[in-house]
Student: 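Let me give you the structure first, and then I'll get to my questions.
Index from 1, following the sequence.
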Amino acid sequence: MSSLTVLEPGPLATIQDRGRSGQAALGVPASGACDRSAYALANRLVGNPDGAAAIEVTYGGLVVHADTDLVIAITGAPCTGVPLNAPTTLRAGQVLRLGAPSSGLRTYVAVRGGIDVPAVLGSRSTDLLSGLGPAPLVANQTLPVGSSVEPMPGVDLAPVAHPADGTVVLRVTPGPRRDWFTDAGWASLVSQLYQVSSNSNRVGVRLDGEPLERACTGELASEGMTSGAIQIPPSGTPVIFLADHPVTGGYPVIAYIASADLDACAQVRPGQPVRLLSS
């Protein structure tokens with residue numbers, strides 16, 4: 001059987017696929033790759049079926065050893081020292097080292113055949129909030145590679161842009177609890193320049209800025225949550241839910257990130273400026 005061995009996981013490396021969608025009513029979070037486009041592109045470049053499991057690498061640092069000949073593709077945040085957005089052959093015995101990315105935060109490593117770890121509730125995704133799925137990768141861990149493949153796409157290089165390294169503009173629409181905030185609060189949300197907090201993770205992107213003025217001071221019963229929901233906790237500053245968000249939450253959702261901008265949201269790094277644009 002084909003396999004690769006993790007020599008160093010870097011700050012955080014997890015197995016991700018399309019996630020456990022459609023089970024929120026049962027209390028099962030969706031999880032899955034944060035940057036859906038980069039994940040899907042990596043799989044397409046190596047001829048994997050839709051939904052094959054890949055490695056999501058946070059801020060580089062992953063070092064792996066090819067135990068057998070492997071065809072890989074690396075997409076997303078452009079790590080130094082590795083080929084990007086192109087299928088590449090790793091020969092048995094070769095070591096792949098992902099340096100720190102020059103922009104963006106999350107990089108995807110797809111292996112032809114997919115990472116063949118056991119599925120949990122229909123997915124191989126690591127969910128850091130619920131603990132479902134495989135644990136984050138650790139040193140000296142061997143990952144089996146599957147055999148389910150499709151024809152190679154015949155693409156030498158995918159011409160996709162790198163994640164932005166300056167101010168990221170994310171389009172928003174009003175959420176179900178917009179009326180819990182004053183007009184001045186909404187204007188502040190869509191006018192100020194936020195900074196991504198170092199407390200951000202796969203659950204959500206926390207933004208540092210001026211607190212929003214509330215019109216209601218009461219408490220909400222828990223409501224269903226989706227990726228891209230912008231929740232305002234008592235601090236008054238936004239939290240944008242990502243792939244590992246809870247299925248319910250009790251803080252008011254003032255807005256939603258446009259679906260087309262969720263992948264860009266997944267690539268912002270701590271300290272990066274973010275502006276929310278009303279659409």
Student: For the residue pair Thr5 / Thr142, report whether a side-chain donor-acceptor contact shorter than 3.5 Å exists.
Tutor: yes
Student: Given the rule in the side-chain contact (heavy atoms from CB on, under 4.5 Å) test, do Trp180 and Ile232 qualify, once you have shown the distances and angles that lead to the verdict?
Tutor: CA-CA 10 Å; Trp180 278 52; Ile232 309 297; over 6 Å; no
Student: If you compare all heavy atoms of Val6 against all heavy atoms of Val64, which two are closest, and at what distance to 0.1 Å?
Tutor: CA-CG1, 4.2 Å
Student: Could you go through Asp50 and Arg44, starting from their C-alpha distance and side-chain angles, then the distance that decides it, and tell me whether this counts as salt bridge (charged side-chain N to carboxylate O under 4.0 Å, His left out)?
Tutor: CA-CA 8 Å; Asp50 289 343; Arg44 288 198 302 271; over 6 Å; no
Student: Donor-acceptor pair, distance only, cut-off 3.5 Å: does the side chain of Asp261 make one with the backbone of Ala264?
Tutor: no
Student: Quick one: pull up NE2 in His65 and CG in Asn140 and give me the separation to the nearest 0.5 Å.
Tutor: 11.5 Å
Student: So, the side chain of Arg112 versus the backbone of Leu45: is there a donor-acceptor pair under 3.5 Å, distance only?
Tutor: no
Student: What I want to find out is whether Arg124 reaches Asp17 closely enough, with some N-O distance under 4.0 Å, to be called a salt bridge.
Tutor: no
Student: Give a yes or no on whether Tyr256 atom OH has more than 12 heavy-atom contacts from other residues, nucleotides or ligands under 6.0 Å away.
Tutor: yes
Student: Is the count of non-hydrogen atoms from other residues, nucleotides or ligands lying under 6.0 Å from Arg178 atom CZ greater than 12?
Tutor: yes
Student: Would you check if Thr75 and Val160 make a side-chain contact, meaning some heavy-atom pair closer than 4.5 Å?
Tutor: no
Student: Does a side chain donor of either Gln195 or Asp208 reach within less than 3.5 Å of an acceptor in the other side chain?
Tutor: no
Student: How long is the straight-line distance from CZ of Arg177 back to OH of Tyr251, given to the nearest 0.5 Å?
Tutor: 15.5 Å
Student: For Gly204, is there any backbone N or O sitting under 3.5 Å from a side-chain donor or acceptor partner on Asn201?
Tutor: yes
Student: Membership question, hydrophobic clusters at under 4.5 Å side-chain separation (ILVMFWY): are Val120 and Leu26 in the same one?
Tutor: yes
Student: If you group Ile, Leu, Val, Met, Phe, Trp and Tyr by side-chain heavy-atom gaps below 4.5 Å, do Ile230 and Leu220 land in one group?
Tutor: yes
Student: Would you please say whether a donor-acceptor pair under 3.5 Å links the side chains of Ser3 and Asp67?
Tutor: yes
Student: How about Asp165 and Ser102: do any of their side-chain heavy atoms sit closer than 4.5 Å?
Tutor: no
Student: Show the numbers, then the answer: is there a side-chain contact (heavy atoms from CB on, under 4.5 Å) between Arg106 and Val57?
Tutor: CA-CA 5 Å; Arg106 294 181 171 94; Val57 183; over 6 Å; no
Student: What closest approach, in Å, do Ile55 and Leu143 show between heavy atoms, and which atom pair accounts for it?
Tutor: CD1-CD1, 3.9 Å
Student: Determine yes or no for a side-chain-to-main-chain donor-acceptor pair under 3.5 angstrom, with Asn85 supplying the side chain and Leu157 the backbone.
Tutor: no
Student: Taking atom CD of Glu210 as the centre, does the number of heavy atoms from other residues, nucleotides or ligands within less than 6.0 Å exceed 12?
Tutor: no
Student: Using a 4.5 Å cut-off on heavy atoms from C-beta on, say whether the side chain of Pro78 contacts that of Ser103.
Tutor: yes
Student: What's the separation between atom SG in Cys79 and atom CG in Leu98, rounded to the nearest 0.5 Å?
Tutor: 4.5 Å
Student: Would you compute the distance between atom CG of Leu41 and atom CG of Asp263 and round it to the nearest 0.5 angstrom?
Tutor: 11.0 Å
Student: Which of these, Ser123, Ser125, Ser130, sits in a side-chain hydrogen bond (donor to acceptor under 3.5 Å, both in side chains) with Asp127?
Tutor: Ser130
Student: Starting at CG of Leu105, measure out to CG of Leu12 and round the result to the nearest 0.5 Å.
Tutor: 9.5 Å
Student: Check whether any side-chain heavy atom of Pro238 lies under 4.5 Å from a side-chain heavy atom of Tyr194, and answer yes or no.
Tutor: yes
Student: Do any N or O atoms from the side chain of Glu56 and from the backbone of Ala13 form a donor-acceptor pair under 3.5 angstrom?
Tutor: no
Student: Is there a side-chain contact between Phe241 and Ser227, using heavy atoms and a 4.5 Å cut-off?
Tutor: no
Student: I'd like to check Val111 versus Val46 (side-chain heavy atoms, cut-off strictly below 4.5 Å). Are they in contact?
Tutor: no
Student: More than 12 heavy atoms of other residues, nucleotides or ligands under 6.0 Å from CZ of Arg269: is that the case?
Tutor: yes
Student: Donor-acceptor check, side chain of Thr182 to backbone of Ala215, threshold 3.5 angstrom: yes or no?
Tutor: no
Student: For Asp69, does its backbone N or O pair with a side-chain atom of Gln94 as donor and acceptor, under 3.5 Å?
Tutor: no
Student: Output yes when a side-chain donor or acceptor of Thr68 lies under 3.5 Å from a complementary backbone atom of Ala92, and no otherwise.
Tutor: no
Student: Can Leu276 be reached from Leu262 by stepping across I, L, V, M, F, W or Y side chains whose heavy atoms are under 4.5 Å apart?
Tutor: yes
Student: In terms of hydrophobic clustering (I, L, V, M, F, W, Y; side-chain heavy atoms under 4.5 Å; direct or indirect links), are Leu84 and Leu90 co-clustered?
Tutor: yes
Student: Given Val172 and Leu277, is the side-chain contact (heavy atoms from CB on, under 4.5 Å) satisfied, shown in steps?
Tutor: CA-CA 6 Å; Val172 302; Leu277 177 67; over 6 Å; no
Student: Please report the closest heavy-atom contact between Met1 and Val145, naming both atoms and the distance.
Tutor: CG-O, 3.8 Å
Student: Do Pro246 and Val203 come within less than 4.5 Å of each other through their side chains, counting heavy atoms only?
Tutor: yes
Student: Taking Leu207 as the fixed residue, which of Thr237, Val196, Leu170 is the one that meets the side chain to side chain contact (heavy atoms under 4.5 Å, CB included) rule?
Tutor: Val196
Student: Do Ser197 and Asn199 have side chains that get closer than 4.5 Å, going by heavy atoms?
Tutor: yes
Student: Please answer whether the main-chain N or O of Ala258 pairs with a side-chain N or O of Arg171 as donor and acceptor at a distance below 3.5 Å.
Tutor: no
Student: For the residue pair Gln16 and Arg202, confirm or rule out a side-chain donor-acceptor distance under 3.5 Å.
Tutor: yes
Student: Donor-acceptor check, side chain of Tyr108 to backbone of Asp35, threshold 3.5 angstrom: yes or no?
Tutor: yes
Student: Say you draw a straight line from NE2 of His245 to OG of Ser31; how long is it, rounded to the nearest 0.5 Å?
Tutor: 9.0 Å
Student: Provide the closest heavy-atom pair for Ala135 versus Thr126 in the form atom of the first, atom of the second, distance.
Tutor: O-OG1, 4.2 Å
Student: Can you name the closest pair of heavy atoms from Ala229 and Val253 and give their distance?
Tutor: CB-CG1, 4.1 Å
Student: Before you tell me yes or no, could you show the steps for Ile254 and Trp186 under side-chain contact (heavy atoms from CB on, under 4.5 Å), namely the whole-Å CA-CA distance, both residues' side-chain angles and the distance that decides it to 0.1 Å?
Tutor: CA-CA 8 Å; Ile254 189 173; Trp186 175 262; 3.9 Å; yes
Student: Could you see if Ile74 belongs to whatever hydrophobic cluster contains Leu4? Use Ile, Leu, Val, Met, Phe, Trp, Tyr and a side-chain cutoff under 4.5 Å.
Tutor: yes
Student: I need the single residue from Thr89, Thr88, Val149 that forms a side chain to side chain contact (heavy atoms under 4.5 Å, CB included) with Val71. Which is it?
Tutor: Thr89
Student: So which heavy atom on Leu212 is nearest to which on Phe181, and how close?
Tutor: CB-CD2, 4.2 Å
